[in-house]
Amino acid sequence: MGRAFVYVILGGGVAAGYAALEFVKRGVSAGELCIISEESVAPYERPALSKGYLLPEEPARLPTFHTCVGAREERLTPKWYKEHGIELVLGTRVKSADVKRKTLISATGETISYKTLIIATGARALKLEEFGVAGSDAENVCYLRDIADANKLVAAMQSCAGGSAVVIGGGYIGMECAASLVINKINVTMVFPEAHCMPRLFTPKIANYYEEYYKDKGIKFVKGTVLTSFDVDSDRKVKAVNLRDGTRLPADMVVVGIGIRPNTSLFENQLTMEKGGIKVNGRMQTSDSSVYAVGDVAAFPVKIFGQIRRLEHVDSARKSARHAVASIMELDKTDEFDYLPFFYSRVFTLSWQFYGDNVGEEIHFGDYSGKSFGAYWVKNGHLVGSFLEGGTKEEYEALAVTTRLGPSVENIVELETKGLSFALEMSRGKVEAPAPEVSANSSTLLLDKPVYPWHAAAGVVLAASIAAFAYWYGRKRRRW
């Protein structure tokens, strides 16, 4: 027995919801589209899990944050999928895929065939066992990747109000969960091996600001060491965390956020891989023309830098999913994906946004003892990245526009002195903005050909729209 569809989306996360909405907008017929998901619920806005879902009062719960409310669009409840003739196959694991035969086989043995497949399998949380530490199955050891994880975390928090939590990891999940734990009146200690938090993105100076802010909230940091083992009681609950440097931290609960790994195993011997993900072209098409990949699993060309990147963020998942559907439905009318890397986060009353790339020379600006500050990154004489904490809508838009333009920077001291005003002037068209050429075969930025703001109009509009959405998302929807 089996079922056949024209289009199948494998994976039920953020990307699946945005792809489904794009399919409907582009006229998919009832019965043509199927979404297969291991989760038991329709696609939802995953960022809610580390924010509104963990609030002690009036927490966010489904159906309020089904996709695509994160982009101010329709909320796609199970009823919506039914009304549009989209088959939701939930709570279903696919155990094998045959790209040549265009078939998927579920864990129960059902065969689902397709003409076009979108791989939106996302990523899984790395487990402690992969680093030689046992104990992930303890009742009070929590990860955070899906609704089931979030429910376990909420239960653990409720059972240890006033107690102590140890957060393993200083990245996105670690930082956001630590904030939520403190809001729930739990004492928090963060442990990570790096010299500072968010090491993949933050400079030491930026990181220091957030670490000091967290310390003021009562959060402690143990840096430069790692977890080696747990002390577990007879009920198989963790009672203490043991670190490599000999430190023993009592713990009523543990939250682990040590990274993710793309879910690519079904396709590793069938499709071309790169950067730990599935390699796609500018239309999100894999090495097999009938298969597309989006979100965390997709390694795609970032045109602005002339490099293949795999980006782990909700914004990339949303936009790559929409672009894949546009390519599928109207290939001849769809340009290559032209994405400006974008990351953001909100903890406590803080809110930051980052655009572009954090390579090259770092230029900090603003008041690092106050509430608004930022940084630029300059490589080969051109601005390639920007960061801002505590900005306004106009300021975030200016950063996005300026980073997209990639203006030349001749005087680093002047850039530092101007700070945010440099981006504001650029975005208002007061300064000519020569942008770098990008070699198709190299990450080197070539400085031969100046491009002025009006030549980059399309990119500017896109960058501004990204920033405008992010500002709205951060200020109006803090629960998500």
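Computed from a predicted structure; not experimentally measured. Numbers for residues simply follow the sequence, beginning at 1.
Electrostatic pairing of Lys215 and Glu211 does not count as a salt bridge here, judged by no charged N lying under 4.0 Å from a carboxylate O. The pair Arg200-Asp357 fails the salt-bridge criterion, with no side-chain N (NZ, NE, NH1 or NH2) lying under 4.0 Å from an Asp/Glu carboxylate O. Lys127 has no carboxylate O lying under 4.0 Å from a charged side-chain N of Glu130, or vice versa, which leaves the two without a salt bridge. For the pair Asp231 and Lys239, the salt-bridge criterion is not met [side-chain N within less than 4.0 Å of a carboxylate O]. Between Glu87 and Lys82 no salt bridge is recorded (no basic side-chain N to carboxylate O distance below 4.0 Å). Ion pair Asp137/Arg236 flagged as a salt bridge, since at least one NZ, NE, NH1 or NH2 atom sits closer than 4.0 Å to an Asp/Glu carboxylate oxygen. Salt bridge status for Arg318 with Glu45: present, with a side-chain N to carboxylate O gap under 4.0 Å. Using a 4.0 Å cut-off between charged nitrogen and carboxylate oxygen, Asp338 and Arg404 count as a salt-bridge pair. Between Arg310 and Glu312, at least one side-chain nitrogen of the basic residue sits less than 4.0 Å from a carboxylate oxygen of the acidic one, meeting the salt-bridge criterion. Ion pairing between a basic and an acidic side chain is recognised when a charged N comes within 4.0 Å of a carboxylate O; Glu73 and Lys25 show such pairing.
Phe5 has its ring centre no less than 6.0 Å from the ring centre of Tyr114. The six-membered or imidazole ring of Trp352 lies away from that of Phe373, with a centre-to-centre distance of 6.0 Å or more. Taking the centre of each ring, Phe202 and Tyr210 come in below the 6.0 Å mark. Between Phe354 and Phe387, the distance from one ring center to the other does not fall under 6.0 angstrom.
Two residues are said to be in side-chain contact when any heavy atoms from C-beta on lie closer than 4.5 Å; Val24 and Trp80 meet this criterion. Considering only heavy atoms from C-beta on, Val94 comes within 4.5 Å of Leu10 through its side chain. Ser37 is not listed as a side-chain neighbour of Val89, based on a closest heavy-atom distance of 4.5 Å or more. Looking at heavy atoms from C-beta onward, Val384 lies out of side-chain contact with Asn358 at the 4.5 angstrom threshold. Residues Leu128 and Val256 form a side-chain contact, since some pair of their non-hydrogen atoms from C-beta on lies under 4.5 Å apart. Between Arg309 and Lys275 the shortest side-chain heavy-atom distance does not fall below 4.5 Å.
Using a 3.5 Å distance cut-off with no hydrogens or angles, the side chains of Asp288 and Ser290 do pair a donor with an acceptor. Ser229 and Asn242 share a side-chain donor-acceptor pair at under 3.5 Å. A donor-acceptor contact closer than 3.5 angstrom is absent between the side chains of Glu110 and Ser106. Looking at Glu362 and Tyr376, their side chains never bring a donor and an acceptor atom within 3.5 Å of each other.
For the pair Lys223 and Phe192, the cation does not sit on the ring face, since its NZ or CZ is not both under 6.0 Å from the ring centre and inside 45° of the axis. Cation-pi check for Lys217 over Phe348 is met; the charged atom lies under 6.0 angstrom from the ring centroid and within 45 degrees of its normal. Cation-pi geometry between Lys303 and Tyr339 is not met: the NZ or CZ atom fails to fall both under 6.0 Å from the ring centre and inside 45° of the normal. A cation-pi contact, defined as under 6.0 Å to the ring centre and within 45° of the axis, links Arg61 to Tyr53.
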Open item on the list: Using side chain to side chain contact (heavy atoms under 4.5 Å, CB included), reason through Leu117 and Leu104 one step at a time and then give a plain yes or no.
Closed with: CA-CA 10 Å; Leu117 174 68; Leu104 306 170; 4.1 Å; yes

Task: Verdict with reasoning, Glu38 to Arg124, per salt bridge (charged side-chain N to carboxylate O under 4.0 Å, His left out) - done: CA-CA 12 Å; Glu38 289 192 29; Arg124 63 174 180 81; over 6 Å; no

- [ ] Check the pair Asp149 / Cys142 against side chain to side chain contact (heavy atoms under 4.5 Å, CB included), numbers first and verdict last.
- [x] CA-CA 7 Å; Asp149 290 339; Cys142 304; over 6 Å; no

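Paired with Tyr292 under the rule side chain to side chain donor-acceptor pair (under 3.5 Å), one option of Arg283, His323, Gln285 passes, and it is Gln285.
The distance from atom CD of Glu139 to atom OG of Ser159, rounded to the nearest 0.5 Å, is 7.0 Å. In this structure, the separation between CE on Met157 and NZ on Lys152 is 13.5 Å, given to the nearest 0.5 Å.
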Report all side-chain donor-acceptor pairs from residues 161-177 shorter than 3.5 Å, counting only partners two or more places apart or in another chain.
residue	atom	partner	partner atom	Å
Tyr172	OH	Tyr344	N	3.4
Tyr172	OH	Tyr344	O	3.1
Glu176	OE1	Ser50	OG	2.5
Glu176	OE1	Lys51	NZ	3.0
Glu176	OE2	Lys51	NZ	3.3
Glu176	OE2	Ser345	OG	2.6

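Contact detail for Pro193 and Val226: the closest heavy-atom pair is CB-CG1, 3.6 Å. Closest of all the heavy-atom pairs between Gly11 and Ala16 is O-CB, 3.1 Å.
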